[in-house]
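Below: the structure, in structure tokens.
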Number of protein chains: 2
Amino acid sequence: MAERGGTEDVRRRNLSAVLTAVHRSGPLTRAALVQRCNLTRSTMGALVGELADLGLVYETDAGAARVGRPSPLVHANERVVALAVNPDVDAVTVGVVGLGGKVHRRIRYATSSVPSLDEAVNITRAVVEGLAVELEGTRHILGVGLAVPGLVNADKGVVRLAPHLGWKDVDVVGPFREALATPAMAANDATLGTLAESIFGAAAGYQDALYLNGSASGIGGGAMVGGRPLSGSSGYAGEFGHMVVQPGGEACHCGRRGCLETEVNLERLLHVAGLDHADAEQLEDALLSGPSFPVLREIRRQADVLAVALSNLVNVFNPEVIVLGGFLGALFAADGDRLSAAVATAPISGLGAEVRLARAALGAELLLVGAAEAVFAGVLAEPRQVAAG
Amino acid sequence: MAERGGTEDVRRRNLSAVLTAVHRSGPLTRAALVQRCNLTRSTMGALVGELADLGLVYETDAGAARVGRPSPLVHANERVVALAVNPDVDAVTVGVVGLGGKVHRRIRYATSSVPSLDEAVNITRAVVEGLAVELEGTRHILGVGLAVPGLVNADKGVVRLAPHLGWKDVDVVGPFREALATPAMAANDATLGTLAESIFGAAAGYQDALYLNGSASGIGGGAMVGGRPLSGSSGYAGEFGHMVVQPGGEACHCGRRGCLETEVNLERLLHVAGLDHADAEQLEDALLSGPSFPVLREIRRQADVLAVALSNLVNVFNPEVIVLGGFLGALFAADGDRLSAAVATAPISGLGAEVRLARAALGAELLLVGAAEAVFAGVLAEPRQVAAG
DNA sequence: ATGCTATGTTTACGTCCAGCACAAACAACG
DNA sequence: CGTTGTTTGTGCTGGACGTAAACATAGCAT
């Protein structure tokens with residue numbers, strides 16, 4: 001409703017469309033961009049020229065030789081970067097991510113205890129200073145994106161509650177912005193994971209996707225509806241872990257009983273497998289290669305409970321694909337058929353039959369890519385303003 | 001991504017913004033439109049002029065006399081109408097709805113048995129022919145919108161399954177289009193109810209809203225996310241009635257156990273109240289004016305179960321408001337505090353505290369307004385094309 | 001070497017909105 | 001009752017932008 005009406009807006013939208021296309025789909029010829037964006041060759045020439053002047057894209061000589069005039073490839077400039085930070089209970093991971101989605105550097109800074117906000121800021125500053133030489137070569141640092149395991153009000157840049165970090169009602173964006181002297185933004189880690197998987201991962205190309213991630217600290221997730229991330233009114237949407245699937249079940253730290261994450265969790269899997277530590281590969285080994293009967297039984301139990309939650313979500317969202325990450329991905333690898341079958345048959349009348357289940361594809365880079373994407377959203381929407389600043 | 005780039009698109013968008021504003025918010029002065037749409041007075045003059053030429057709006061002399069040059073009011077032309085049809089188990093309701101949301105006529109054609117598709121088409125044709133004289137006065141019939149109680153693929157115009165009507169995998173749009181010689185579209189009744197409440201009803205002005213409706217045939221609903229209706233990949237989203245809230249509970253017709261609508265339903269309420277028929281007023285009387293102890297107990301039980309479902313939905317969507325319609329509205333009236341309290345405290349850390357519960361506001365006109373809105377969506381998006389056709 | 005084909009570039013043109021100056025209509029004030 | 005001030009619609013000019021069409025270019029095919 002409150003769209004700006006001017007002619008200026010047209011140019012902005014077109015620049016945005018072109019930049020977004022090369023960012024998401026990788027290098028494209030001008031001709032390909034003309035098709036995708038539904039513009040003429042002359043307009044595309046002007047747009048690519050302007051983006052190149054802004055330093056956001058560059059052109060290289062054509063790759064595939066073909067009949068007709070060779071068309072140079074338009075690349076998103078990977079030297080335009082975002083910093084990405086993921087504070088967690090035992091480490092702060094910092095990344096440098098280029099436009100186009102490439103993770104240039106990923107540094108996991110292990111901590112001896114759960115990091116406070118100040119510690120996270122200091123660690124990030126130290127790591128970034130250590131990369132100073134490397135960052136010299138980049139054209140532009142657009143900002144820093146924070147992927148926080150907890151409830152985050154993205155608009156205000158405030159962490160409402162991050163139980164495992166012990167952060168509560170704190171402004172996280174401010175300290176990072178001042179420490180790094182660059183724009184900062186924060187969002188829930190699972191929400192950003194959803195974004196990353198839907199752009200570069202297992203949900204790429206789908207308009208309606210769900211993402212559920214299982215970690216030691218619980219189950220989080222997010223949704224893409226009609227190609228847009230579901231944020232909710234304050235950015236808290238996607239707390240799938242606290243869907244009640246077993247009324248009167250075990251008490252959850254949220255105060256209710258029988259939440260999904262009290263029934264389906266990593267700890268129980270590790271317990272029956274006789275493992276102590278949450279190591280992804282070890283767990284996968286234990287679940288996949290000749291699991292013992294108790295392990296099998298627990299896998300089936302958790303798969304059945306998860307299936308109920310997934311069926312509910314299918315009934316609510318009618319998605320094209322559901323992506324499972326973390327230990328939920330391992331669970332899917334271990335008993336995917338059971339999960340698929342339950343999801344496909346349980347909801348009303350074949351509704352679920354069209355839903356594809358998939359395992360997350362981005363692995364360790366997931367949150368860095370997602371956090372960077374939150375930063376890139378600014379340039380992608382308004383290439384002129386942000387590149388100038 | 002595939003937005004048309006032309007300058008023509010700017011005009012289309014501005015025309016759309018202006019028409020949408022007067023359609024949703026009622027008569028507005030040009031000055032008000034200038035503010036809302038963020039355009040200049042001269043541009044607004046051209047836009048209103050063009051919309052008036054197209055017959056979509058008209059101007060009347062100013063209402064409130066005020067300092068300054070009097071400003072005429074721009075009205076959406078209520079003589080531009082959509083037909084709305086709601087087939088149900090015991091009646092086919094046909095409506096004539098004008099731009100601006102006014103229901104000109106509403107005719108409930110009772111049937112002795114559950115109507116087949118052919119019967120529904122014939123009844124509609126007969127009713128519309130009976131209104132021929134009246135419709136002469138209208139400027140333009142834009143099309144017919146169908147609100148169907150069941151799973152509808154809105155893109156294809158196909159009813160996948162309407163259990164209570166006994167319709168299954170049938171093209172409903174085709175027959176209506178041919179019978180009435182006008183464009184036709186179909187959607188799920190609850191989805192359209194959501195649309196109606198979010199534009200003209202209790203959820204007006206909210207960007208993120210949920211709607212749950214309880215009828216004799218179950219519980220349906222829909223969501224508005226970021227101001228857009230949540231449709232899902234095939235248009236089946238919003239089947240809240242089949243969220244499992246009581247695993248191992250009573251069997252549901254969908255094949256699972258403990259679905260929301262097996263636990264929270266009209267029949268049980270009528271039973272404890274000693275009523276036979278599903279009359280809205282009688283039910284409300286029974287629930288509100290000195291209910292017996294068994295009735296009170298059932299109200300509290302259903303409210304508690306509903307609260308769990310609502311909490312889950314709050315965790316998933318983080319909405320601003322939840323609108324309850326049908327017997328759920330009566331339930332809310334009877335035990336609103338219990339419901340509000342449960343929703344506000346149950347989900348994690350005050351997340352739910354910001355959610356407002358409200359009762360549906362549109363009553364009997366709900367589905368007609370919603371179905372018409374689905375038709376109006378076309379003109380609102382592209383005023384030029386549709387008005388010309 | 002010549003033609004073919006797909007692509008980039010230049011130019012004239014039409015569309016559209018912003019900004020400015022002006023006119024119209026009414027209220028407030030003396 | 002007339003003057004002044006305020007708000008709002010209208011006409012006009014200029015600038016920004018995309019389109020269409022003709023032209024230029026660069027490699028492949030024969």
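Values in this document were obtained by computation on a predicted structure and should not be read as measured data. In the text below, chain A, chain B and the rest are named by the order of the sequence lines, each starting its count at 1.
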Suppose we screen for salt bridge (Lys or Arg N to Asp or Glu O under 4.0 Å). Which residues come up paired with [X], at least two apart in sequence or across chains?
{"X": "A/E50", "value": "A/R11, A/R384"}
{"X": "B/R105", "value": "B/E134"}
{"X": "A/R177", "value": "none"}
{"X": "B/E178", "value": "none"}

In whole Å, I'd like the distance from the [atom1] atom of [X] to the [atom2] atom of [N].
{"X": "B/L73", "N": "D/dT8", "atom1": "CG", "atom2": "P", "result": "13 Å"}
{"X": "B/R12", "N": "D/dG18", "atom1": "CZ", "atom2": "P", "result": "16 Å"}
{"X": "B/L39", "N": "C/dT15", "atom1": "CG", "atom2": "P", "result": "19 Å"}
{"X": "B/L47", "N": "C/dA18", "atom1": "CG", "atom2": "C1'", "result": "13 Å"}
{"X": "B/D9", "N": "D/dA16", "atom1": "CG", "atom2": "C1'", "result": "16 Å"}
{"X": "A/E50", "N": "D/dG18", "atom1": "CD", "atom2": "C1'", "result": "14 Å"}
{"X": "B/R11", "N": "D/dG18", "atom1": "CZ", "atom2": "P", "result": "18 Å"}
{"X": "B/L15", "N": "C/dT15", "atom1": "CG", "atom2": "C1'", "result": "13 Å"}

Looking at A/N14, does any N or O in its side chain come under 4.0 Å of the phosphate oxygens OP1/OP2 on D/dG18? yes
Do any side-chain nitrogens or oxygens of A/T43 fall under 4.0 Å of OP1 or OP2 in D/dG18? no
Cut-off 3.5 Å, no hydrogens considered: what does the side-chain donor-acceptor table look like for residues 39-48 of chain A, sequence neighbours left out?
residue	atom	partner	partner atom	Å
A/T40	OG1	A/S42	OG	3.3
A/T40	OG1	A/T43	N	3.4
A/T40	OG1	A/T43	OG1	2.9

Does a donor on one side chain sit under 3.5 Å from an acceptor on the other, for B/Y206 and B/E197? no
Distances under 3.5 Å between nitrogen or oxygen atoms of protein and nucleotides 6-13 of chain C:
residue	atom	partner	partner atom	Å
C/dA6	N3	A/R69	N	3.0
C/dT7	O3'	A/S71	OG	3.1
C/dT7	O2	A/R69	NH1	3.2
C/dG8	OP1	A/S71	OG	2.6
C/dG8	O4'	A/R69	NH1	3.3
C/dG8	O4'	A/R69	NH2	3.4
C/dG8	N7	A/R41	NE	3.0
C/dG8	O6	A/R41	NH2	3.3
C/dT9	OP2	A/R30	NH1	2.7

